[in-house]
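Report on the structure given below.
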2 protein chains.
Amino acid sequence: MPRPSEPTRERIIKAASALFYSEGIRRVSVDEVAAKAGLTKRTLYYHFRSKDDLVAAYLAARDQPNLVLFRTWFADAEGGVPAKVEAIFRNLARSARHPKWKGCGFLRTSAELANMPGHPAIRIGAAHKKKFEDWMRATFAAEGISDPLQLARQVLLLLDGSFAVVLLHRDASYMETAGEAVRALIEMALAKRRSRKRQLPG
Amino acid sequence: MPRPSEPTRERIIKAASALFYSEGIRRVSVDEVAAKAGLTKRTLYYHFRSKDDLVAAYLAARDQPNLVLFRTWFADAEGGVPAKVEAIFRNLARSARHPKWKGCGFLRTSAELANMPGHPAIRIGAAHKKKFEDWMRATFAAEGISDPLQLARQVLLLLDGSFAVVLLHRDASYMETAGEAVRALIEMALAKRRSRKRQLPG
DNA sequence: GTATGTATACTAACCAGTGAATATACACAA
DNA sequence: TTGTGTATATTCACTGGTTAGTATACATAC
């Protein structure tokens with residue numbers, strides 16, 4: 001029954017997402033994913049070459065939605081860039097207080113597959129984080145900050161640090177603490193920019 | 001042969017450490033650990049109740065040595081507290097450039113066992129990070145910084161963020177970037193302290 | 001009547017944990 | 001000095017369950 005082929009594949013990815021994120025990659029069997037998707041393992045293997053393929057698809061499906069969420073939180077926040085970036089961390093803290101929250105799927109996968117550096121899933125995770133970094137870099141560059149890449153990387157470091165620490169301690173307040181560090185660093189960079197501008201003629 | 005019992009147990013933990021850190025918890029079987037330790041699985045189960053027990057012992061054995069290493073890097077660095085804390089990150093970057101480096105064993109275990117929040121290994125990891133945080137807090141308190149706990153947590157966030165990001169991108173320079181953020185945050189806190197002091201009489 | 005898609009049933013390997021037996025060291029009695 | 005019991009330490013062989021991936025056949029749509 002050649003149903004457009006999209007629904008089935010999407011259904012598998014959705015089931016895989018829920019299980020892989022909640023339980024971890026190695027703990028979830030392909031049979032479990034198939035069962036959750038309401039079909040047999042053999043059908044799953046018709047749509048995906050291997051489990052590694054499925055893992056990569058799971059992360060690829062999370063790439064854009066995650067970034068869109070961050071952009072929305074940023075756009076909807078009031079205030080300047082420091083407050084808007086800090087708002088990302090406050091919203092993240094709210095998410096992290098949900099009982100089903102289990103950290104960042106990209107980072108957890110990279111930790112689980114640390115012994116396979118070239119794994120497709122790790123490359124997808126790395127690309128995802130680079131997109132976030134580049135968005136921040138462009139945002140800071142537009143503000144005239146002198147080293148926007150360095151500042152963007154520091155935001156990323158505090159973001160991923162939040163994921164790791166909150167997952168370990170199950171204490172979402174660390175995310176607000178990270179948000180305050182981020183705001184301080186951005187405000188410092190903005191102040192440097194202003195003082196430099198003041199020294200220019202005119 | 002009741003050899004003091006210490007060497008065998010230590011040998012098992014050493015073998016487990018090497019394998020769990022390098023390959024991950026779930027990927028390594030108890031048989032592999034026993035083989036690496038030069039004994040049978042049944043002997044291993046004489047010294048440890050379960051694999052979970054062994055995992056906990058693996059992390060417990062890493063607790064003090066890791067902290068001692070950080071303290072040594074801090075103590076051996078020249079300059080004030082900002083430079084000394086930054087030195088931890090520079091030394092960490094050097095370690096991370098070693099090909100066998102695979103991130104932070106505590107964080108990777110917490111990521112792998114994220115679906116078992118009460119697991120002994122996770123509690124050991126959380127306690128380890130708390131010890132680091134408390135050391136930093138005490139250090140900052142001795143410098144008269146007004147909110148030493150907040151600053152200590154921000155250092156921890158940048159430390160663990162470094163582990164996560166460098167593991168994903170395999171680019172140790174992020175650790176130096178984190179070190180610069182840490183130095184800036186500490187210097188800012190010290191400056192606030194000084195300016196407050198200056199306002200005091202005398 | 002051929003592409004696409006799905007299911008049943010299977011393989012071959014792996015894995016955490018156990019039952020039963022054995023070997024060694026050492027304390028203590030003869 | 002020699003015999004013996006006991007706690008410690010180790011091995012072999014096994015179980016019951018799980019897992020990624022496949023061979024083969026069948027169904028549906030166009």
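Here is the naming used below: chain letters follow the sequence lines, and residue numbers restart at 1 for every chain.
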I want to check one thing: is the phosphate of [N], taken as OP1 and OP2, less than 4.0 Å away from some side-chain N or O of [X]?
| X | N | answer |
| --- | --- | --- |
| B/Thr43 | D/dA9 | no |
| A/Ser29 | D/dT18 | no |
| A/Thr40 | C/dT8 | no |

>> Could you tell me the Watson-Crick or G-U partner of D/dT28, where both distances fall under 3.5 Å? Say none if there is no partner.
In response: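 In the structure as shown, D/dT28 has no Watson-Crick or wobble partner.
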>> Applying the Watson-Crick and G-U wobble criteria at under 3.5 Å, what pairs with C/dA3? Answer none if nothing qualifies.
In response: none
Value rounded to 0.5 Å, distance of [atom1] in [X] from [atom2] in [Y]:
| X | Y | atom1 | atom2 | result |
| --- | --- | --- | --- | --- |
| B/Asn115 | A/Glu23 | CG | CD | 5.0 Å |
| B/Asn91 | B/Phe70 | CG | CZ | 10.0 Å |
| A/Glu180 | B/Asp147 | CD | CG | 8.5 Å |

Closest nucleotide among [options] to the [X] side chain:
| X | options | value |
| --- | --- | --- |
| B/His47 | D/dT10, C/dT6, D/dA20 | D/dT10 |
| B/Thr8 | D/dT24, C/dA16, D/dT10 | D/dT10 |
| B/Tyr46 | D/dT22, C/dA16, D/dA9 | D/dA9 |

[N] [atom2] sits how many Å from [X] [atom1], rounded?
| X | N | atom1 | atom2 | answer |
| --- | --- | --- | --- | --- |
| B/Ile25 | C/dA16 | CD1 | P | 11 Å |
| A/Asp52 | D/dG21 | CG | C1' | 12 Å |
| A/Lys51 | D/dT22 | NZ | P | 15 Å |
| B/Phe48 | C/dA16 | CZ | P | 15 Å |
| A/Arg9 | C/dT6 | CZ | P | 13 Å |
| B/Arg26 | D/dA20 | CZ | C1' | 15 Å |

>> Any heavy-atom pair between the side chains of A/Met136 and A/Phe132 that's under 4.5 Å?
In response: yes
